[in-house]
Amino acid sequence: NKKTSCSFLSAYHQRTCNNFQVSPPLTRGPSAFIPENEVMQANGLDERTNLLVEEYSTSGRLDNITQVMSIHTQYLESFLRSQFYMLRMDGPLPLPYRHYIAIMAAARHQCSYLINMHVDEFLKTGGIAEWLNGLEYIPQRLKNLNEINKLLAHRPWLITKEHIQKLVKTGENNWSLPELVHAVVLLAHYHALASFVFGSGINPERDPDTSNGVRLIAVNNFCVCDLANDNNIENASLTSSNFGVSVDLSSSLTYLFPSWKSNLDVQCWLTCRLQEKDGFHTTFDDEIVSTDVSRYVEDPGFGYKDFARRGEDHLPTFRAQDYTWENHGFSLVNRLYSDIGHLLDEKFRMVYNLTYNTMATHEDVDTTTLRRALFNYVHCMYGIRYDDYDYGEVNQLLERSLKVYIKTVTCYPERTTKRMYDSYWRQFKHSEKVHVNLLLMEARMQAELLYALRAITRHLT
């Protein structure tokens with residue numbers, strides 16, 4: 001019923017609703033990728049989770065993102081605290097601005113789930129409904145964020161101190177540095193959160209105010225991505241033919257704990273290769289048509305490109321030792337936007353160190369090298385290189401199907417499919433794959449922040 005499916009929208013939106021058809025997702029529960037009972041049975045939906053949501057939720061309810069993240073309750077607490085601080089607590093930006101910036105960020109990846117959520121929050125916090133008609137209706141100073149939003153989302157290595165100077169220059173539409181840091185943190189947070197939404201197959205929220213219980217939702221035509229640009233992984237003591245190869249998970253497990261081969265049934269499983277099938281499947285019903293998220297996007301054709309392609313002029317690599325989160329980014333962001341640095345640092349450390357010392361059916365496994373490979377591979381795709389890291393570990397630990405998944409979720413999450421999610425680590429628990437998504441999300445956010453904060457530092461010096 002088209003008419004009732006529009007009931008959650010404000011009056012400004014209803015005139016466009018006749019163009020949309022709404023169908024429920026193919027699967028129930030918070031995720032289209034994870035069986036509902038597995039989310040509910042995980043160590044998440046307990047009294048502690050409910051207390052966290054009551055204290056830190058910005059929506060006032062247990063939304064689908066929170067339900068999936070609650071599989072890792074320790075991380076969820078850090079996530080909710082930092083997000084609540086960005087959106088609700090004292091800060092340089094007025095509340096409606098915060099939610100509109102979230103909309104602008106989510107729109108870079110056509111993430112209708114987040115757009116719908118923050119359209120509601122924007123209006124609840126006193127936002128002007130006319131702004132929701134598109135970017136041409138917003139104040140010029142918000143429009144001025146379009147360029148840095150675009151670059152942060154897709155090619156953050158292009159951000160320079162000149163972009164910062166242009167935003168903070170004297171004039172009626174200028175941004176103060178504290179305001180700009182708040183905006184940059186929000187943009188990076190919601191770009192990365194879009195990666196989690198698509199990577200975890202987050203379903204649209206069920207809305208009691210609609211006849212079919214489903215909010216207006218948009219999906220895109222999905223396509224297969226290419227592999228991460230492995231020629232960026234330099235000096236790995238590997239021949240060029242090693243880059244991008246499909247590595248059996250047996251290699252990863254052998255690397256992590258050499259004695260695994262005594263377990264014959266595990267060995268049999270590990271030697272069974274994924275049989276490739278033609279075609280990819282979309283997450284949601286094909287009848288759902290896209291809402292017009294383009295109203296919130298400037299230059300929609302601008303997207304991710306490999307940091308360095310063969311035959312092109314090589315961009316200078318971001319040497320992580322020259323500008324680190326711990327020694328540079330943290331102190332700058334904390335100075336200009338009080339306390340957010342502590343909250344972000346706790347979140348980064350939490351996800352990076354999170355482990356249950358298990359891997360598939362194995363216990364007492366040190367997964368440190370695997371977590372580091374996932375984090376550093378994301379940074380590699382954004383041109384950030386660690387001089388003290390052996391990039392041979394990436395090819396040793398990450399099989400081809402996992403590389404495809406990582407690059408898609410990180411660089412163009414709107415293309416993620418259930419088949420991509422299912423195709424890697426086929427015998428692993430869903431909770432382990434959610435942990436992967438959390439690592440990818442936080443590595444991406446940190447990469448965006450490093451480029452933006454480095455540009456602000458250069459502006460200041």
Side-chain angles (χ1 to χ4, degrees), residues 27-89 113-114 117 189-190 192-203 205-206 339-368 370-372 374-375 378 409 421 425 428-446:
T27 59
R28 297 179 63 84
S31 168
F33 297 173
I34 307 169
E36 184 175 13
N37 64 318
E38 294 208 24
V39 176
M40 304 307 171
Q41 289 171 4
N43 63 343
L45 301 180
D46 54 15
E47 185 178 353
R48 185 179 174 198
T49 302
N50 292 330
L51 288 172
L52 288 174
V53 171
E54 186 177 328
E55 186 169 1
Y56 296 118
S57 173
T58 54
S59 62
R61 56 191 165 76
L62 190 68
D63 58 45
N64 290 344
I65 291 178
T66 306
Q67 288 189 57
V68 173
M69 282 188 184
S70 70
I71 292 172
H72 301 286
T73 313
Q74 283 180 291
Y75 170 82
L76 176 65
E77 182 170 1
S78 292
F79 174 86
L80 289 178
R81 287 178 65 209
S82 61
Q83 182 172 263
F84 186 83
Y85 189 85
M86 292 175 212
L87 294 173
R88 289 281 191 256
M89 300 297 284
Y113 178 94
L114 292 175
M117 178 181 291
H189 175 77
Y190 281 99
L193 190 54
S195 285
F196 183 83
V197 167
F198 286 112
S200 303
I202 300 297
N203 272 331
E205 296 294 326
R206 303 193 72 80
D339 291 333
I340 192 63
H342 291 293
L343 292 166
L344 294 177
D345 189 62
E346 178 191 344
K347 186 159 60 84
F348 292 149
R349 290 176 187 273
M350 172 63 69
V351 77
Y352 193 85
N353 296 319
L354 181 66
T355 182
Y356 305 97
N357 298 113
T358 60
M359 193 169 178
T361 59
H362 296 272
E363 297 182 356
D364 299 319
V365 182
D366 183 355
T367 61
T368 303
L370 181 58
R371 284 178 276 126
R372 183 172 59 219
L374 290 165
F375 206 88
V378 171
V409 170
Y421 175 90
W425 288 1
F428 280 61
K429 302 169 192 167
H430 288 288
S431 62
E432 291 171 311
K433 293 192 171 190
V434 171
H435 188 190
V436 168
N437 286 338
L438 295 176
L439 276 163
L440 303 185
M441 172 174 69
E442 295 298 349
R444 177 183 179 178
M445 181 178 185
Q446 190 180 98

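Positions are given from 1, in the same order as the sequence printed here. Predicted, not measured: the structure shown is a model, and the values here were computed from it.
- To the nearest 0.5 angstrom, Thr367 atom OG1 is 13.5 Å from His362 atom NE2.
- Using a 30° and 60° split on the angle between ring planes, Tyr356 and His435 fall in the perpendicular class, above 60°.
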Test log, rule side chain to side chain contact (heavy atoms under 4.5 Å, CB included), inputs Phe196 and Val434 = CA-CA 9 Å; Phe196 183 83; Val434 171; 4.2 Å; yes
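- Under the side chain to side chain donor-acceptor pair (under 3.5 Å) rule, Ser78 has a single partner from Glu346, Arg349, Lys347, which is Glu346.
- Distance check: Phe79 CZ to Leu193 CG gives 4.5 Å after rounding to the nearest 0.5 Å.
- Within the 4.5 Å cutoff, no side-chain heavy atoms of Ile71 are placed close to those of His430.
- With contacts defined as side-chain heavy-atom distances shorter than 4.5 Å, the pair Phe84/Met89 qualifies.
- Contact of the Trp425 side chain with the Val436 side chain is registered, since non-hydrogen atoms from C-beta on lie closer than 4.5 Å.
- With a 4.5 Å cut-off on side-chain heavy atoms, Asp63 and Ile202 do not count as touching.
- A distance of 9.5 Å separates CE of Met69 from CG of Asn437, quoted to the nearest 0.5 Å.
- Between the CZ atom in Arg88 and the OG atom in Ser57 there is a gap of 8.5 Å [rounded to 0.5 Å].
- To the nearest 0.5 Å, the span separating CG on Leu438 from CG on Leu374 amounts to 11.5 Å.
- Nearest heavy atom pair, residue Val39 against residue Pro30, reads CG1-CG, 3.8 Å.
- Aromatic ring orientation, Phe33 versus Tyr421: tilted (interplanar angle from 30° to 60°).
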key: Test log, rule side chain to side chain contact (heavy atoms under 4.5 Å, CB included), inputs Thr49 and Leu62   = CA-CA 9 Å; Thr49 302; Leu62 190 68; 4.1 Å; yes
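- Considering NE2 of His189 and CD of Glu442, their distance stands at 8.5 Å, rounded to 0.5 Å.
- At least one side-chain heavy atom of Leu52 sits less than 4.5 Å from a side-chain heavy atom of Thr73.
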query = Hey, mind stepping through Val351 and Met441 against side chain to side chain contact (heavy atoms under 4.5 Å, CB included) and telling me if it holds?
reply = CA-CA 10 Å; Val351 77; Met441 172 174 69; over 6 Å; no
key: Steps toward side chain to side chain contact (heavy atoms under 4.5 Å, CB included) verdict (Thr358, Lys429)   = CA-CA 10 Å; Thr358 60; Lys429 302 169 192 167; 4.3 Å; yes
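- Heavy atoms only, all atoms of each residue included: Asn203 and Asn64 are closest at O-ND2, 2.8 Å.
- In terms of heavy-atom proximity, Ser31 sits nearest to Val68 at CB-CG2, 4.1 Å.
- In plain terms, the two heavy atoms of Gln446 and Phe375 that are nearest each other are OE1-CE2, 3.7 Å.
- The shortest heavy-atom contact between Leu354 and Arg371 is O-CD, 3.3 Å.
- With Asn357 contributing its side chain and Asp366 its backbone, the two residues share no donor-acceptor pair below 3.5 Å.
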